[in-house]
Amino acid sequence: MVENPNTTSVEELTSREELRELVRSQLQMFLEQANFQGAKTLLVPVQPADAAHAIEGLPHSLHAIAFRLLPKDKSSEIYEHLDSAVQQSLIEEFKNQELQELIDRMSPDDRVRLLDELPADLVRRLLKQLSSSERQATSLLLGYEPNTAGRIMTPEYVSLKEHFTVSQAFERIRSLANITETIYALYVTDGTRHLSGILSLRDLVTAEPEQTIGEIMTRDVVSVHTSVDQEEVARTIQRYDFLALPVVDSEQRLVGIVTVDDVLDVLERETTEDIYALGGLQADRENYFQMNLFRISRRRVTWLLVLLVTNIFTGGVIGANEDMLEQVVSLAMFIPLLIDTGGNVGTQSSTVVIRGLSMDKIRTSLAWQIIRREAMVGILLGFMMGIIVVFVAYVFLQDWRVALTVGLSLWGIATLASTSGAALPMIFKSLGFDPALMSAPFITTCVDVLGVLIYFYIARALVEF
């Protein structure tokens, strides 16, 4: 048998990405040839995340066909890895029975994440089709505020009692292992579900069979309330290196856990929102690169209009000093340099402060210390750059007054930009707003206006007409 020269063996692949692309291309080939058995055989051994990647890369008309070929025991897990746009398009293709089986097999937290992105009438229809136990678990999570611990937790966990022996605990774990999110973190509750302790699977494995859970558990339990913001949940898991974090209600009863895989999703979404906000963009959960042009324009135009109006003031300041520019034309040469430098310094300062706030590295009590520190950085930066600009300006113009004006202005603008870049996000944070809303474009524009004012003020003081 002659080997196909275009066929690439798995052993020759140099990266996981090549494997994913190979699966996608072969899956598409099988489907286009109506070789459904070959496509099904191809998908069986593939990791769920890679299978989802392969399906997403197919033409839209092949999504539903490929998904229907998946084994039922893997379909829900693969569905959870799909992009939200692909998930919704599949829902439109499914029959009621298919949809009910798929949604019913999903874990409650992943199901809620999907329902949050669907139209309200479709959510009501899907909830009615769920089994009684799954509908109850889903309704419980939907009852909590969005972006809180209660909304992203799962009620599927292993709970033990203090009087259980290690042997009894293993029996309970074996009976629940297939229906719980994780078994590596075990939680101890009393008769009214109050959280009283925690232990790991390692603690259980290394203990004697006759020991009780109360003897080996840790009573100092780190937990979060259902109303805690999801970013704080992520920071807590990161701080203590947990695989899962227990969630309790107002009466300290254990109601669910947040696992590290859910936290990674939260961090990705929150980081994306912060990066978009820093660029002056509105962010939501929809894939930006799959939106139509009108929606993209609508999301980007708001900040641009604000900045456009603000920049008009810069033009107004320059127009008000037209007489000075007519007499000393060389002053106009340095306006772009000054405002660009001020914008860059402000952007640097705001970026590090906003990142520090989002990572909980900056405490409120240290706000003024951080602002003073950034102000000193601005002074030093302005001094270093100011000396260089004075020298260069004098070499070109042979006018020490203009050169000194530019140098002093750059010093003042750098100080202002660095200080405001640190202070404005802090102020937004103290007012309860997302500090990332104080975006780089906004800070840059504000510095432009004030920088031009500083420049002409110093010029009027130093330059004689």
Side-chain angles (χ1 to χ4, degrees), residues 277-280 303 306-321 324-325 331-357 362 366-393 401-431 433 435-463:
L278 283 171
W303 267 114
V306 172
L307 301 180
L308 178 66
V309 172
T310 310
N311 273 312
I312 292 176
F313 290 101
T314 304
V317 173
I318 295 175
N321 291 275
M324 181 185 298
L325 292 175
L331 288 173
M333 294 172 51
F334 299 96
I335 293 177
L337 180 148
L338 294 174
I339 62 178
D340 285 349
T341 302
N344 291 335
V345 172
T347 298
Q348 289 179 340
S349 182
S350 64
T351 299
V352 296
V353 169
I354 290 171
R355 187 57 179 166
L357 290 171
I362 299 177
L366 299 178
W368 287 111
Q369 180 178 336
I370 299 297
I371 294 173
R372 286 196 299 269
R373 178 185 175 88
E374 286 300 312
M376 292 301 298
V377 169
I379 291 173
L380 291 175
L381 289 173
F383 182 74
M384 290 186 289
M385 292 186 294
I387 291 177
I388 296 173
V389 168
V390 168
F391 174 75
V392 172
R401 296 171 302 173
V402 174
L404 187 59
T405 296
V406 176
L408 288 174
S409 298
L410 185 59
W411 188 26
I413 290 170
T415 303
L416 169 68
S418 189
T419 305
S420 59
L424 290 176
M426 296 279 197
I427 293 173
F428 258 53
K429 178 74 171 180
S430 64
L431 295 175
F433 297 108
L437 292 174
M438 191 48 61
S439 60
F442 186 81
I443 291 176
T444 299
T445 306
C446 291
V447 171
D448 288 353
V449 177
L450 296 176
V452 171
L453 282 172
I454 291 173
Y455 183 41
F456 285 117
Y457 180 82
I458 294 176
R460 287 192 179 278
L462 295 181
V463 180

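A quick note: this is a predicted structure, and the numbers were derived from the prediction, not measured.
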Please assess Leu357 against Met426 for the test side chain to side chain contact (heavy atoms under 4.5 Å, CB included), listing each intermediate value before the final yes or no.
-> CA-CA 8 Å; Leu357 290 171; Met426 296 279 197; 4.2 Å; yes
Counting distance only, does the side-chain N/O of Ser420 pair as donor-acceptor with the main-chain N or O of Ala417 below 3.5 Å?
->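 Between the backbone of Ala417 and the side chain of Ser420 there is a qualifying donor-acceptor contact (under 3.5 Å).
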Under 3.5 Å, side chain of Tyr455 to main-chain N/O of Ile413, donor-acceptor pair present?
-> no
Which donor-acceptor pairs under 3.5 Å do the side chains of residues 370-392 make with protein atoms, sequence neighbours left out?
unit_1: Glu374; atom_1: OE1; unit_2: Ser349; atom_2: OG; d: 3.0

Atom [atom1] in [X], atom [atom2] in [Y]: separation rounded to 0.5 Å?
X      : Y      : atom1 : atom2 : value
Asn344 : Ile339 : CG    : CD1   : 10.5 Å
Thr351 : Arg355 : OG1   : CZ    : 11.0 Å
Tyr457 : Leu462 : OH    : CG    : 10.5 Å
Asp448 : Leu338 : CG    : CG    : 10.5 Å

Please name the pair of heavy atoms, one in [X] and one in [Y], separated by the smallest distance, quoted to 0.1 Å.
X      : Y      : result
Thr341 : Leu337 : OG1-O, 2.7 Å
Leu331 : Ala459 : CD1-CB, 4.1 Å
Pro425 : Val353 : CB-CG1, 4.2 Å

So do Ile335 and Phe456 actually touch side chain to side chain, heavy atoms under 4.5 Å?
->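 A side-chain contact under 4.5 Å exists here.
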Check residues 402-410 and write down every donor-acceptor pair under 3.5 Å in which the side-chain atom is one partner and the other belongs to a residue at least two apart or another chain.
unit_1: Thr405; atom_1: OG1; unit_2: Arg401; atom_2: O; d: 2.8
unit_1: Ser409; atom_1: OG; unit_2: Thr405; atom_2: O; d: 2.7

